[in-house]
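Below is one structure; the comments refer to it alone.
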2 protein chains.
Amino acid sequence: MDHTTAEARLLDAADTLFYDRGIQAVGMDAIRAASGVSLKRTYQLFPSKEHLVEAVLRRRDLAIRAELEAYTSARTNPTERILAVFDYLYEWFGQPDYRGCAFINSFAELGAASENVVEIVRTHKRAFADHIAALVADADQPPARAGQLLILANGAMVTAAIAGSPEPAREARAAARRLLDADVPD
Amino acid sequence: MDHTTAEARLLDAADTLFYDRGIQAVGMDAIRAASGVSLKRTYQLFPSKEHLVEAVLRRRDLAIRAELEAYTSARTNPTERILAVFDYLYEWFGQPDYRGCAFINSFAELGAASENVVEIVRTHKRAFADHIAALVADADQPPARAGQLLILANGAMVTAAIAGSPEPAREARAAARRLLDADVPD
DNA sequence: CAACCTGGAGAACGATCGTTCTCCGACTGG
DNA sequence: CCAGTCGGAGAACGATCGTTCTCCAGGTTG
């Protein structure tokens, strides 16, 4: 097994385990067992668990950005592209192992202890906000709408996770449409 | 020190430490040092750390319910009572040690490991949702509005925590007002 | 073939943590 | 004053975890 595939297997295994059980609850030995990569090799590739955690989060950040970009750009109508964000969330929340947003969860678990994790989480949410802001601009909506839609999306993520239901994505979508369609000043 | 004050000091110290640093990051010895209650006494009152965690969350649940109830019932106009929820959030987010909602954080940290914690978090959020639903009914808004406002509130909590700014409460308030005022069908 | 390097399995190490135990001082009832 | 109880301080215990080390098999190069 070369370095590239070992690294990929490690990131895959760690990402799944961290998301399912929480970061602190997963020991390095569990990652070794799930990935098939020895501890020695693991520590050659990632000098500490924290390095691995950060790499996992950064990779997930890029993956979600690409996924969401593909999802929203598949629609032509600008308003529909905004609403597509909430359809994306609905599909995500419907997955049987959905446990909330990994970045929100990591912030809750490690935000007090790791400034690096905080920075990665902020970067991810800032990129998400920027994406929404671009869609809002394309739809000729006022810039302030973007922050409101971001709050709806983040709120749907945690509400769905806690309730164990994907419905909040639909409720957030309806709220978003109402915000976009309302004929009153802000 | 009698049992009642020992219990109160324990709950106070544990609540502060858990909220500031996360639950798993706080050892029982740190709680002993902060509360001044010996480990022996602590384990007489709470047979395990998990029991203490649950007691802390349950007490915080009741305190927040009462606080929010007082805050919203201080206004007379039904629509204003709904918006007061977001003013309450703004005050909360402005506190210098704000680190998000303790229930969302606990769910993120322990949701995979402790079914009891999950149930307490669900109960808290259900009570919060019920409170909003009552305000929505009083304001003659359609019942579906309650879920949308809950998502806005939860979203403001996490967005403010990650951004390190109380502004999301204002943005959520503006969104709520727009949802309430819009002259279009749902 | 022989010296060497690589990498795996898993033991070992040191730290931390939840929980319990030991020891001892201080207060109580008679 | 004394036997007995309570509770505190902190050591002890057992488990877990991140990280490193040991030992060894297998392949590579001269």
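Here is the naming used below: chain letters follow the sequence lines, and residue numbers restart at 1 for every chain. Only this structure's heavy atoms are used, side chains among them; waters, hydrogens and symmetry mates stay out. Quick caveat: nothing in here was measured; it's all calculated off a predicted structure.
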Between A/Ile23 and B/Arg41, whichever has its closest DNA chain D nucleotide further toward 5' is B/Arg41
Which whole-number value in Å describes the distance from [X] [atom1] to [N] [atom2]?
{"X": "A/Leu39", "N": "C/dT6", "atom1": "CG", "atom2": "P", "result": "19 Å"}
{"X": "A/Asp29", "N": "C/dA9", "atom1": "CG", "atom2": "P", "result": "11 Å"}
{"X": "B/Lys49", "N": "C/dT16", "atom1": "NZ", "atom2": "C1'", "result": "11 Å"}
{"X": "A/Glu50", "N": "D/dC17", "atom1": "CD", "atom2": "P", "result": "18 Å"}
{"X": "B/Gln24", "N": "D/dC17", "atom1": "CD", "atom2": "C1'", "result": "13 Å"}
{"X": "A/Arg21", "N": "D/dC17", "atom1": "CZ", "atom2": "C1'", "result": "14 Å"}

Distance col, row A/Leu83:CG vs A/Leu180:CG, nearest 0.5 angstrom, shows 6.0 Å
message: Does B/Val37 reach a base, just sugar-phosphate, or nothing at all? Heavy atoms under 4.0 Å.
response: nothing
Requested in this report: Kindly indicate whether the side chain of B/Arg145, heavy atoms from C-beta on, has any atom under 4.5 Å from the side chain of B/Asp186.
Outcome: yes
Counting only side-chain nitrogens and oxygens, does A/Lys40 get under 4.0 Å of the OP1 or OP2 atom of C/dG7? no
In terms of side-chain geometry, is the basic nitrogen of B/Arg126 or B/Asp130 positioned less than 4.0 Å from the acidic oxygen of its partner? no
Among D/dT19, C/dG7, C/dT20, the one nearest any side-chain atom of A/Gln44 is C/dG7
- prompt: A/Phe18 ring centre to A/Arg60 NZ or CZ under 6.0 Å, with the angle to the axis within 45°?
  reply: no
